[in-house]
Structures are given as structure tokens and as C-alpha cells.
Amino acid sequence: QQGEVSNTPEAHDQSYLCPVTVGGQTLNLDFDTGSADLWVYSTLMPTSEQRGHSVYNPDSSSSSNAQSDNSWTIQYSDGSGASGTVYADKVVVGSVTATSQAVEAATSVSSAFIKETHNDGLLGLAFSSINTVQPTQQTTFFDTVKSTLAKPLFTAHLKKGAPGSYDFGYIDTSKYTGSITYAHVDTSNGLWEFTASGYAVGSGSTVATPYDSIADTGTSLLYLPTEIVAAYYGEVNGAMYDSSQGGYTVPCDSNLPDFVAIIGGSRHTVPGSYINYAPISETSCFGGIQANDGIGHSVFGDVFLKSQFVVFDGSNSPRVGFAKQ
Ligand SMILES: O[C@H]1CN[C@@H](c2nc(-c3ccc(C(F)(F)F)cc3)no2)C1
């Protein structure tokens, strides 16, 4: 099988949500290549916490089966999280169907989620080795359907301020220009982890330096090593590290330089305009590139990914591919 599902950006492209049917009920989920749990808002949550969201009601699904011995709890890198119990149910993404997918029904979600009223849960697309269900670890939607897909891969086509798509099982050559360059993926941390080999700022010369990175659709910004971030904002008049904002800010009227990442031996360019992320005040804007301090690797989040067509190849030799949109 193969199929395509649309994604729609939230404000500032902070996240991208996709319609998914779970037991015949449609919810809008945040597809996250940085985690491996498919969890949903549910009728098991306090009614007040359900308000404003679409929720999964396992009792009204004719295909749900409770996995009563299993539970889950997940923490995201921003400190938000959720926890709950587990059902097996039919999950459909585009036209791709998992007849029996672990659906992690939330009984509790952190406050940060409650106010994201368009977000009804997450669909993890990292490797199943980091799924949090205990005592019996479960597979991601991609791993559940992988053997039934025409090709064992999915692609991400995120756009700046406009709907895009995720495709499962095939590469749509109309969604990119030029060629796709691939980088080997190290799956030992359960992530789409690869090594970028250099960078350039604007029309500056390429700096060859390897940096361990992940492709993470669930992260909004581009997090890079501190020396690369300093080199970037060193080219921006009025850029500053503002500890009260927790990162670099730029004057909103800046003409920002492009950022080029060298991956798979090719140049992959983020337009400077993508790096003016969101207004903080009348004149100050938050930078889309920030330091990866404390994360342990660089994170190629949506600020970068929305400039590329990205292939997540789950074959026996996993790899990530990037092409210009
Ligand atoms: O953990 C890493 C795995 N991928 C990144 C990720 N972070 C979230 C997230 C989504 C929504 C929210 C909230 F709604 F604002 F609460 C918070 C975090 N989703 O993927 C980071």
C-alpha cells in the first residue's frame, strides 16, 4: 500500500498537524520523527482537559481492544509530556491502514498541550526502540505498516506558512527539484541521526566541520553547535543573545543571511527569511537558529525541514535524504 496525508502548519509554523482516523474517529496529530509513541487525547482524561480538542473514545470504536496491562508516559525535550493507557485499534493515515496499531490513550497531559487546542496528540515516526509503552513495548505506525508499503520509507514535505504533505511508501518526484542526497542514519539512539559535514553563512565560504544531528519534524527550530550559531548571528547587525528570551533575537527588519548545511556532500540552503522566526516585540524577533546546548546533538527541526523535501528511508540500511523543494 501507499498514501499521502496533508499537513497544516500552526502559527509561525510552530508545528504541523495531520488528520488521522483512529477507530473511525478523526483527530489532528503532530507527526514527530523525534519520538516513537502514537498518543491521543481521549475520553479517559478529565473533561476540562478535553475541552477544545477532538478526543478518542475507545468505547465508541467497534475495533478497539484494550491492552489493560500496558501503560505509557512520555516527556518531550521542552519538558511537556503526557501519560495513559493503551488500546489496539485501526489507524488510517491518508489511505495507509494499520489494522491493529497501538493507540496510546492519554489519561493526563501537561499544561503546555492543553492550550494547543488544534493538537489532539502525536504520531511518533522515530524508531520503535524508543517507544515508551511498558511492560510490552509497541511499534510506531510506520513500523506497523512498513512491510506492507510499496517501499519501506516515508517523506516529509513541510512548507513555510502553507499546507504540505507526508507520503508513505513512495517518493513523489513532483515535490522536489534536482537530486536527493542521502546521509547514513545511526539508529542506536532510536532517532533519525546523521552527521552533517559543514556549513556556510550567506555567501561566505564553506566551513568543513562534522556535527551529529537528527531530523526532527516535531521540533520547530534549527538547533546547532554554539560556534556555528555565533558565526551566523555574527553576520547580523543588532543580533543578540537575550537570556530573558532564552535565545538569540534579531531586529525584525533584518535582511538575514541564508544558512547552508552540508549534508551528504551537498549544500542544503535555508533562506534567511525562514530564520526570522516570530515577533517578540515591535522591533525584536526570535531567531530560527538557536544553540544546541544541553541537547547532545544538533536538531534539524521545521525551520530547516520546510526548505527541503525529506526522505526517511527505513530500509535495512536506514538513511535520510534531502532535496530542494
Ligand atoms: O522531544 C523531542 C521530540 N521531537 C520534539 C517534539 N516536541 C513536541 C511537542 C509538541 C507539542 C508540545 C506542546 F503542545 F506545546 F505541549 C510540546 C512538544 N513534539 O515533538 C522534541
Side-chain angles (χ1 to χ4, degrees), residues 7-18 20 27-42 45-46 48-56 72-84 104 106-133 140-142 154 156 158 164 166 185-194 212-224 246-247 277-278 286 288-306 310 312 320:
N7 62 51
T8 302
E10 290 290 279
H12 310 301
D13 299 341
Q14 183 256 346
S15 61
Y16 291 75
L17 302 179
C18 304
V20 174
L27 287 81
N28 290 320
L29 304 185
D30 180 356
F31 284 21
D32 175 23
T33 59
S35 67
D37 286 50
L38 194 174
W39 72 263
V40 293
Y41 273 70
S42 82
M45 293 167 58
S48 60
E49 290 187 8
Q50 299 177 38
R51 205 157 288 138
H53 292 269
S54 297
V55 300
Y56 172 57
W72 59 281
T73 181
I74 195 161
Q75 279 269 316
Y76 297 100
S77 54
D78 69 343
S80 62
S83 61
E104 301 173 34
T107 53
S108 174
V109 303
S110 64
S111 55
F113 276 103
I114 306 285
K115 60 186 176 229
E116 295 292 330
T117 53
H118 299 155
N119 179 324
D120 305 321
L122 265 78
L123 189 143
L125 291 168
F127 293 86
S128 299
S129 58
I130 58 172
N131 173 267
T132 74
V133 174
T140 65
F141 170 79
F142 177 55
F154 64 91
L158 306 180
Y166 286 94
V185 161
D186 172 352
T187 64
S188 55
N189 295 315
L191 297 168
W192 293 93
E193 191 166 357
F194 61 95
D212 177 28
S213 303
I214 68 166
D216 185 355
T217 56
T219 286
S220 309
L221 306 184
L222 172 53
Y223 294 90
L224 296 168
Y277 177 66
F286 200 66
I289 288 175
Q290 297 295 340
N292 68 3
D293 291 348
I295 299 177
H297 47 248
S298 291
V299 183
F300 283 77
D302 301 334
V303 159
F304 175 82
L305 299 174
K306 64 191 179 187
V310 188
F312 293 86
V320 278

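The model shown is predicted, which means the values in this text are computed figures rather than measured ones. Just follow the structure's listing: the first ligand is 1, and inside any ligand the first atom is 1. Residue numbers count from 1 along this sequence. Scope of the values below: all heavy atoms of this structure, side chains included, with no hydrogens, waters or symmetry mates.
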**OP:** Specify whether W192 and F127 have parallel, tilted or perpendicular ring planes, treating 30° as the upper limit for parallel and 60° as the lower limit for perpendicular.
**Re:**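 Geometry flag for F127 against W192: tilted rings.
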
**OP:** Could you tell me how the ring of W39 sits relative to the ring of F113: parallel (under 30°), tilted (30 to 60°) or perpendicular (over 60°)?
**Re:** perpendicular

As an exercise, identify every atom of ligand 1 less than 4.0 angstrom from a heavy atom of [X].
X    : result
G34  : 3 (C), 4 (N)
D78  : 17 (C), 18 (C)
E116 : 14 (F), 15 (F)

Examine [X] against ligand 1 and note whether any of their N/O atoms are separated by less than 3.5 Å.
X    : value
S77  : yes
Y76  : no
D216 : yes

Original post:
Under the criterion side-chain contact (heavy atoms from CB on, under 4.5 Å), which of I130, V109, T132 is the partner of I74?
Top reply: T132

Subject >> Identified side-chain contact (heavy atoms from CB on, under 4.5 Å) partner of L221 from the options F304, F300, Y277 >> reply: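 Going through F304, F300, Y277 one by one, the side-chain contact (heavy atoms from CB on, under 4.5 Å) with L221 is satisfied by Y277 alone.
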
**OP:** Kindly determine whether T217 and Y16 satisfy side-chain contact (heavy atoms from CB on, under 4.5 Å), including the steps that lead there.
**Re:** CA-CA 8 Å; T217 56; Y16 291 75; over 6 Å; no

Original post:
What part of D30 sits under 4.0 Å from ligand 1 if we count only heavy atoms: the side chain, the backbone, both or neither?
Top reply: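 For D30, only side-chain atoms sit under 4.0 Å from ligand 1.
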
**OP:** Examine the proximity of ligand 1 to L122 and report which part, side chain or backbone, both or neither, has a heavy atom under 4.0 Å away.
**Re:** side chain

For [atom], what is the closest protein heavy atom, and at what distance to 0.1 Å?
atom                    : value
atom 20 (O) of ligand 1 : D32 OD2, 3.0 Å
atom 8 (C) of ligand 1  : G218 O, 3.6 Å
atom 11 (C) of ligand 1 : F113 CE2, 3.4 Å

Subject >> Donor-acceptor under 3.5 Å (Q50 side chain, M45 main chain) >> reply: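 Side chain of Q50 to backbone of M45: a pair is present.
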
Subject >> Backbone N/O of A36 and side chain of N131: donor-acceptor pair under 3.5 Å >> reply: yes

**OP:** Could you please spell out the steps behind the side-chain contact (heavy atoms from CB on, under 4.5 Å) verdict for T33 and F312?
**Re:** CA-CA 9 Å; T33 59; F312 293 86; 3.7 Å; yes

